[in-house]
2 protein chains.
Amino acid sequence: MTTVGIRDVARLAGVSVTTVSHVLNETPHTRVADETRDRVRDAAATLGYGPNLVAQALRTRRSGLVGLLSEEIATTPHAGRIILGAQEAARAHGLTLVIVSAERGNNAEAHRADIQALLDRQVDAVLYATMYHRNIAVPANLVDVPAVLIDATEGTGALPSVVPDERGGAVAAVRHLAEAGHRRIAFLNNDDDVPATHGRLAGYRQVLSEYGIPFDELLVGASPSEPAEGYALAKEILSLQRPTAVFCYNDRMAMGAYRAARELGLSIPDDLSIVGFDNQEIIAANLFPALTTVALPHYEMGVWALETAIGMFADGAERPPGPFEPVLLPCPLVPRDSVAPPRQP
Amino acid sequence: MTTVGIRDVARLAGVSVTTVSHVLNETPHTRVADETRDRVRDAAATLGYGPNLVAQALRTRRSGLVGLLSEEIATTPHAGRIILGAQEAARAHGLTLVIVSAERGNNAEAHRADIQALLDRQVDAVLYATMYHRNIAVPANLVDVPAVLIDATEGTGALPSVVPDERGGAVAAVRHLAEAGHRRIAFLNNDDDVPATHGRLAGYRQVLSEYGIPFDELLVGASPSEPAEGYALAKEILSLQRPTAVFCYNDRMAMGAYRAARELGLSIPDDLSIVGFDNQEIIAANLFPALTTVALPHYEMGVWALETAIGMFADGAERPPGPFEPVLLPCPLVPRDSVAPPRQP
DNA sequence: CTGAAAGCGCTTACAG
DNA sequence: CTGAAAGCGCTTACAG
C-alpha cells in the first residue's frame, strides 16, 4: 500500500499544500478560484487521497475518537444495542468509536486505568455505560474529559446521564392490561435495591390508582429476576390468589411465569395475560405465545449519549456547567400475543 | 485539564526530551545512568505523564489501533463475545480496538467505505466478522492492510480466517447421546446452504457410522432454524418416528422441540433427550430442563484473530504469503440437564 | 486568490 | 552516557 499524502495531491494539481488543505476542508472565509478547486479535487480523486487522520488529530488537537467504556459487553445483548446506537451516531458525525470492555467486578482502580488509556489516546469524549440501570460512583479521572453516563446515574449530578424511564414503561404495561379489562393484576418484582425495582413498582401503583383499583399486597411479590425464581414466585401467587393478569419485572421472570401457568393448566392469554419488561427478543419473540413486553431504549441511549458528548466538545460549544438531571428516555410497549381480555367472571 | 507533555517531564528531571523518551520507552541498546533513569521516572510519575498516543502514532507510523468491522453488532450476543475476545487480547498487547458495525444488507460498497474510514484512521490491522459462519467475498480494499476474517471464509485463501469446527461440535453432541445409550437419534437440521448445515450433518453421520447405526432419512429433517419451524419439524418427526433423542441444529430449534415434546406428553430427558447447538445462554440455561448444547467459540475466535493480526504487522514479522487455510476452533459440549439414557425398551 | 513557514508531541538517527 | 535537530502529515495564522 503506497500511501499518498497531501504533498502528492499538491504536486499533481500544481498548487501548494496549503491550497489543497483549504479546498479539501472547505475552510470558511477562503476564496479559491473555481478552476483551482476543480484541479485539486480531480487530483485527490485520481490519487484516491484520504487525509491521514492521525496527523490531522495531532495538529487540530481533536482526535475524532470517542471512547465507550462498557461493563460486560459480552453477557447481555443490551450492551450491543448501546454500542450500535453510539456507533451509528458517531459515524453520522464523522467520529469513530473506540470501545473498551470494563473489567468485571466493578474494580474502580481498573476502570480508572481503562479511562486513562482512553485519555492517552486523546479521545474527545468518553461514554460510560453500565450493564443495567444503577447509581454509581465514577472514577475520578472521568472529569478530565467530556463524559456522559449511559444507563447510570451518579449522585452529584456532575455528569450528564441518560436512563430508561422505568416508571413510564411500567405505566404503559399495566395500562395495557387495565385497558384490556383486567382488574386483578399481579406484579412479580425484582428484589434488588436498584432503580428499576422502585420505578416499575411506582408505575404499577400509579396505574392502579388511575383505575381506582386498590393495592393488594398479596398480588405483589419479589424475588431474584431469573426464570427459576420467577417460576416459584408465579406459582405461589397464581395458586393462592387468582389474578387474571401478571406484570413481570422482566422477560426472564415472565419465562418462569409461563411455566407456572402451564403447570397450573392456565392457558395464555385466555386464562392469564402476561406482560414482561426488557424486550429481550430471543425470549419475548420466541416464547409461546409471543410475549407482550416493554422495550428498553438502549439504542436510543447510545445515540443520546454520543450526541450529548459532541455538544460538550464541539466548536463554540460551551461545556455546560451542571449539575445535571438524569434524562429519562421512554420505554415503549411492544404488543405481541400474551394479552387478552379476562374471561367473563 | 492541563495536559503535560514530554517537555515538562524533561524540564522537571533536568534532562533532554531525548533522554526522557529513551528511559520511558526503554529503548534497546541505550545506556542511561541509573541515577538519571530514576530522576526521569520520578518526574513522569509526579506529573502523571502519559505519552500522547496520537503523536507517537504519527511519528512511529503505527497507530496501535485495530479495527473490527462486524455485521449486526446488535442483534446477536455472539458478536458481543467476538468483540470481548478481540478487546481483551488487544488490551493485553497495548492495542486499542475500534469498532464499526457494518451496514445491514451486505452492501459491499458500504463496507468498502467503512474499511476506508478505518484505513484513514491508520489502523494497524482490520478484523472482519460476519454474523454467522459463511463464505463471503471481501471488499477489495481489505488487502491494503493486514486483515483477518472471523466466522467467515473466502474462497481464494487470500486472508487468514478462523471459523468454528462445526463438524467436530456435532460429533461431540451426537457422541454424547450415543454414549448415553441412544441409537435412534433424530437430527433437526437447518435448511440454509451454509457451512454449519453441512458440517453438522457430516458430524452426525460420522458418529452414526462410528457406532454402526444405519442412517435413517426419516429421522432427519430440515427447516428454517427458528423455534416455530423447529417445533413443526419436531412434531412431525416425533409423531411419526420414535427417536429417543434429538440433536438440533441450534438452540432456537431446540426451543421448538421442547414445545413439541411437551405437547406430545414426552418428558425431557426421561422420554426424550435433546441436544442443541450455539449455547445461547439465555435459552439454554433457562429452558426447563436446562439444555445440553454445544458452544460456539466466539470469544476464542476474537482472540485468535487479534493475535494473528498482530503477527502480520509486528516488528520483524513477515506478512505470511498465503494462501491460507481456514483455522477451525473447537466447539465444546456444554452438558446440562436435557440428556439421560433411553428408557428400557 | 495563493503560498511559505511554523508547529501539534513525539522518536530516532547522529554526534559528541 | 546525553542532547540537538529533523521529521511524521497535516492545519493555520500570516503575508503578499
Side-chain angles (χ1 to χ4, degrees), chain A residues 1-41 43-44 47-65 94 119-124 315, chain B residues 1-41 43-44 47-65 94 119-124 315:
Chain A
M1 173 188 183
T2 54
T3 175
V4 7
I6 194 173
R7 279 215 301 263
D8 302 302
V9 179
R11 195 172 308 129
L12 181 58
V15 298
S16 71
V17 298
T18 303
T19 300
V20 174
S21 176
H22 284 318
V23 354
L24 262 23
N25 293 315
E26 299 177 354
T27 317
H29 313 307
T30 304
R31 303 287 82 191
V32 177
D34 287 350
E35 195 265 339
T36 309
R37 282 194 127 68
D38 292 345
R39 259 196 353 259
V40 169
R41 292 206 170 110
L47 295 175
Y49 171 74
N52 178 325
L53 265 26
V54 169
Q56 226 173 238
L58 178 61
R59 183 55 231 247
T60 61
R61 313 177 119 285
R62 185 147 301 171
S63 67
L65 254 25
L119 295 178
D120 289 346
R121 282 266 169 229
Q122 314 296 119
V123 294
D124 294 329
D315 306 300
Chain B
M1 170 187 184
T2 55
T3 175
V4 7
I6 196 174
R7 280 216 300 263
D8 302 302
V9 179
R11 196 173 307 129
L12 181 59
V15 299
S16 70
V17 298
T18 302
T19 301
V20 174
S21 176
H22 284 318
V23 354
L24 263 23
N25 292 316
E26 299 177 354
T27 317
H29 314 307
T30 305
R31 303 291 77 192
V32 177
D34 287 349
E35 195 266 338
T36 308
R37 283 194 126 66
D38 292 345
R39 263 205 340 267
V40 170
R41 292 207 169 107
L47 294 176
Y49 170 74
N52 178 324
L53 265 26
V54 168
Q56 224 172 238
L58 179 60
R59 183 55 233 244
T60 62
R61 315 177 116 284
R62 185 146 303 171
S63 67
L65 254 24
L119 295 178
D120 289 346
R121 282 266 169 229
Q122 313 297 120
V123 295
D124 293 331
D315 306 301

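Naming convention: chains lettered A, B, ... in sequence-line order (proteins, then strands); numbering from 1 in each chain.
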Which residue lies more 5' along DNA chain D, comparing B/L58 with B/D34 via nearest heavy atoms: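 So the residue in question is B/D34.
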
Closer to the 5' end of DNA chain D via nearest nucleotide, is it A/T27 or B/V32? B/V32

Consecutive-pair stems (3 or more, Watson-Crick or G-U, under 3.5 Å) for DNA chain D: C:1-3 with D:14-16, C:5-12 with D:5-12, C:14-16 with D:1-3

Remember a base hit wins even if backbone is also touched, and classify B/V54 as base, sugar-phosphate or nothing at under 4.0 Å, heavy atoms. nothing

Quick check: on DNA chain C, is the nucleotide nearest B/T60 upstream (toward 5') of the one nearest A/A33, or the reverse? Name the residue that is more 5'. A/A33

Close side-chain approach of B/T19 to B/H22, heavy-atom, < 4.5 Å: no

Side-chain heavy atoms of A/V23 within contact of A/T36, under 4.5 Å: no

Roughly how far apart are [X] [atom1] and [Y] [atom2], rounded to 0.5 Å?
{"X": "A/L24", "Y": "A/R41", "atom1": "CG", "atom2": "CZ", "value": "7.5 Å"}
{"X": "B/L58", "Y": "A/R59", "atom1": "CG", "atom2": "CZ", "value": "12.5 Å"}
{"X": "A/L119", "Y": "B/T3", "atom1": "CG", "atom2": "OG1", "value": "10.0 Å"}

Start and end of the DNA chain D segment that chain B contacts, any atom under 4.0 Å from a heavy atom: D/dC1 to D/dG9

Taking atom types as modelled, find out whether B/S21 and B/T18 have a side-chain donor-acceptor pair closer than 3.5 angstrom.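 Their side chains do not contain a donor-acceptor pair, so the 3.5 Å distance test is not met.
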
Excluding sequence neighbours, so at least two apart, what forms side chain to side chain donor-acceptor pair (under 3.5 Å) with B/D120?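 If we apply the side chain to side chain donor-acceptor pair (under 3.5 Å) test to B/D120, skipping adjacent residues, the hits are B/Q116.
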
Salt bridge check: are A/R37 and A/D34 linked by an N-O gap of less than 4.0 Å? no

